[in-house]
Amino acid sequence: MPEMMENNNFEKKLAPKLEALYDEVPNWENILHFVREGENNFISDLKMLDLNKLGIETSDVHVYSDIEVQAFIVGITSKDNPREIIAKSYLVYGAHWIDDFFDNPKIGVPFEDIFKNRNDINEVLTGMGSIGQVGLLLAEKVPHPEGVLKGLQRMIYGGLVQRSSSREQRSCLKRNIKI
């Protein structure tokens, strides 16, 4: 994780390129504060589920700080609603984290387990044990959990297409997608 800051309310040192980016947004310090609170809430839930041993930085395709930037951008539209920024940030961090378990064969759940239950998001998440519980926690954070579950369903299909070993499987997935 990034270094700690000494003279600021933020826990992490802000890279100069990010400060230049954030500085363009009015009230950026507050937005960033609540983005980081959402991140901390997500990390706390990982600890609660005893998943912190898997780490927070699970992606092979982007650096961890990219998630903060995305959460910050999503939080801009909620600049006057701290709870909404926190919830959006939590969802961004959580979605990135769980998606890595759908599509990364090195850390993910076995392809066959997800493939056989792919049309039932609750069955997939339940079959993933504690990792799947993260998906259910994401859905609990919003007024319309069915939207989060639909997004997770789409992530599952994306992961299956990436991990499939044959053209036939990919064609089957594209034909039978129910989202």
Side-chain angles (χ1 to χ4, degrees), residues 34-35 37-64 66-75 77-78 81 83-179:
F34 294 118
V35 162
E37 190 170 328
E39 175 193 17
N40 288 334
N41 290 350
F42 176 70
I43 292 169
S44 291
D45 282 351
L46 287 181
K47 288 177 184 172
M48 174 192 67
L49 293 169
D50 198 30
L51 293 170
N52 54 315
K53 62 186 172 277
L54 298 175
I56 186 73
E57 298 184 42
T58 53
S59 179
D60 281 344
V61 296
H62 60 78
V63 296
Y64 185 73
D66 288 350
I67 303 171
E68 178 183 276
V69 173
Q70 183 180 359
F72 182 85
I73 291 167
V74 170
T77 59
S78 303
N81 189 337
R83 287 192 321 191
E84 196 170 289
I85 296 170
I86 294 166
K88 286 179 175 182
S89 175
Y90 184 102
L91 291 172
V92 170
Y93 279 93
H96 274 278
W97 188 86
I98 197 166
D99 184 49
D100 293 331
F101 292 91
F102 296 148
D103 60 23
N104 187 335
K106 293 185 282 184
I107 63 171
V109 175
F111 176 89
E112 297 75 22
D113 293 350
I114 297 175
F115 186 82
K116 74 178 178 188
N117 295 314
R118 67 190 178 277
N119 291 319
D120 184 342
I121 183 63
N122 289 310
E123 192 67 33
V124 170
L125 293 174
T126 301
M128 293 174 74
S130 295
I131 293 169
Q133 288 298 307
V134 171
L136 299 174
L137 284 174
L138 295 174
E140 290 176 9
K141 298 291 179 185
V142 298
H144 302 287
E146 63 279 357
V148 170
L149 294 174
K150 188 171 195 163
L152 292 172
Q153 183 78 49
R154 290 178 177 174
M155 286 181 192
I156 287 170
Y157 267 84
L160 288 171
V161 168
Q162 289 177 32
R163 292 173 63 187
S164 67
S165 59
S166 73
R167 183 182 302 256
E168 184 180 321
Q169 279 179 331
R170 287 187 294 279
S171 294
C172 173
L173 288 165
K174 288 190 281 185
R175 276 192 316 272
N176 297 319
I177 193 165
K178 294 182 180 170
I179 50 174

Going through the distances and angles, do Gln70 and Ile67 end up as a side-chain contact (heavy atoms from CB on, under 4.5 Å)?
-> CA-CA 5 Å; Gln70 183 180 359; Ile67 303 171; 5.6 Å; no

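- Using a 4.0 Å cut-off between charged side-chain N and carboxylate O, Lys53 and Asp50 make a salt bridge.
- Listed by first then second residue, pairs satisfying salt bridge (Lys or Arg N to Asp or Glu O under 4.0 Å) with a partner in residues 126-138 number zero, not counting sequence neighbours.
- Every side chain to side chain contact (heavy atoms under 4.5 Å, CB included) that Ile86 has, sequence neighbours left out, goes to Phe34, Glu37, Asn41.
- With a 4.5 Å cut-off on side-chain heavy atoms, Ile85 and Val74 do not count as touching.
- In this structure Ala139 satisfies the side chain to side chain contact (heavy atoms under 4.5 Å, CB included) test together with Pro145, Val148, Leu149, sequence neighbours excluded.
- Annotation: salt bridge (Lys or Arg N to Asp or Glu O under 4.0 Å) contacts involving residues 113-123, sequence neighbours excluded, are absent.
- Residues passing the ring pair (Phe, Tyr, Trp, His ring centres under 6.0 Å) test with Phe102, sequence neighbours excluded: none.
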Start with the C-alpha distance between Met155 and Ile121, add both sets of side-chain angles, then the distance that settles side-chain contact (heavy atoms from CB on, under 4.5 Å), and finish with yes or no.
-> CA-CA 10 Å; Met155 286 181 192; Ile121 183 63; over 6 Å; no

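- For residues 83-99, every residue pair satisfying the salt bridge (Lys or Arg N to Asp or Glu O under 4.0 Å) rule, not counting sequence neighbours, is listed here: Glu84-Lys88.
- With sequence neighbours excluded, the residues satisfying side chain to side chain donor-acceptor pair (under 3.5 Å) with Asp45 are Tyr90.
- For the atom pair CG (Asp103) and CG (Leu160), the distance works out to 9.5 Å, reported to the nearest 0.5 Å.
- Side-chain contact check for Tyr64 and Glu39: at least one donor-acceptor pair (N or O, by modelled atom type) lies under 3.5 Å.
- The ring-ring contact (aromatic ring centres under 6.0 Å, His included) analysis of residues 113-141, with sequence neighbours excluded, yields the pairs Phe111-Phe115.
- For the pair Asn40/Tyr93, no side-chain contact is recorded, criterion being any heavy-atom separation below 4.5 Å from C-beta on.
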Give the intermediate values and the outcome of side-chain contact (heavy atoms from CB on, under 4.5 Å) for residues Leu136 and Asn122.
-> CA-CA 8 Å; Leu136 299 174; Asn122 289 310; 3.9 Å; yes

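- Residues satisfying the side chain to side chain donor-acceptor pair (under 3.5 Å) test with Ser164, not counting sequence neighbours, are Arg170.
- Atom OG in Ser44 sits 10.0 Å away from atom CG in Asn52 (nearest 0.5 Å).
- Using a 4.5 Å heavy-atom threshold, the side chains of Ile114 and Arg163 count as touching.
- Under the rule for a side chain to side chain contact (heavy atoms under 4.5 Å, CB included), the partners of Leu54 that lie at least two apart in sequence or sit in another chain are Leu51, Trp97, Phe101, Ile131.
- A 4.5 Å side-chain heavy-atom check between Gln133 and Leu125 finds every atom pair outside the cut-off.
- Scored by the side chain to side chain contact (heavy atoms under 4.5 Å, CB included) test, Ser166 finds Glu168, Gln169 as partners (sequence neighbours excluded).
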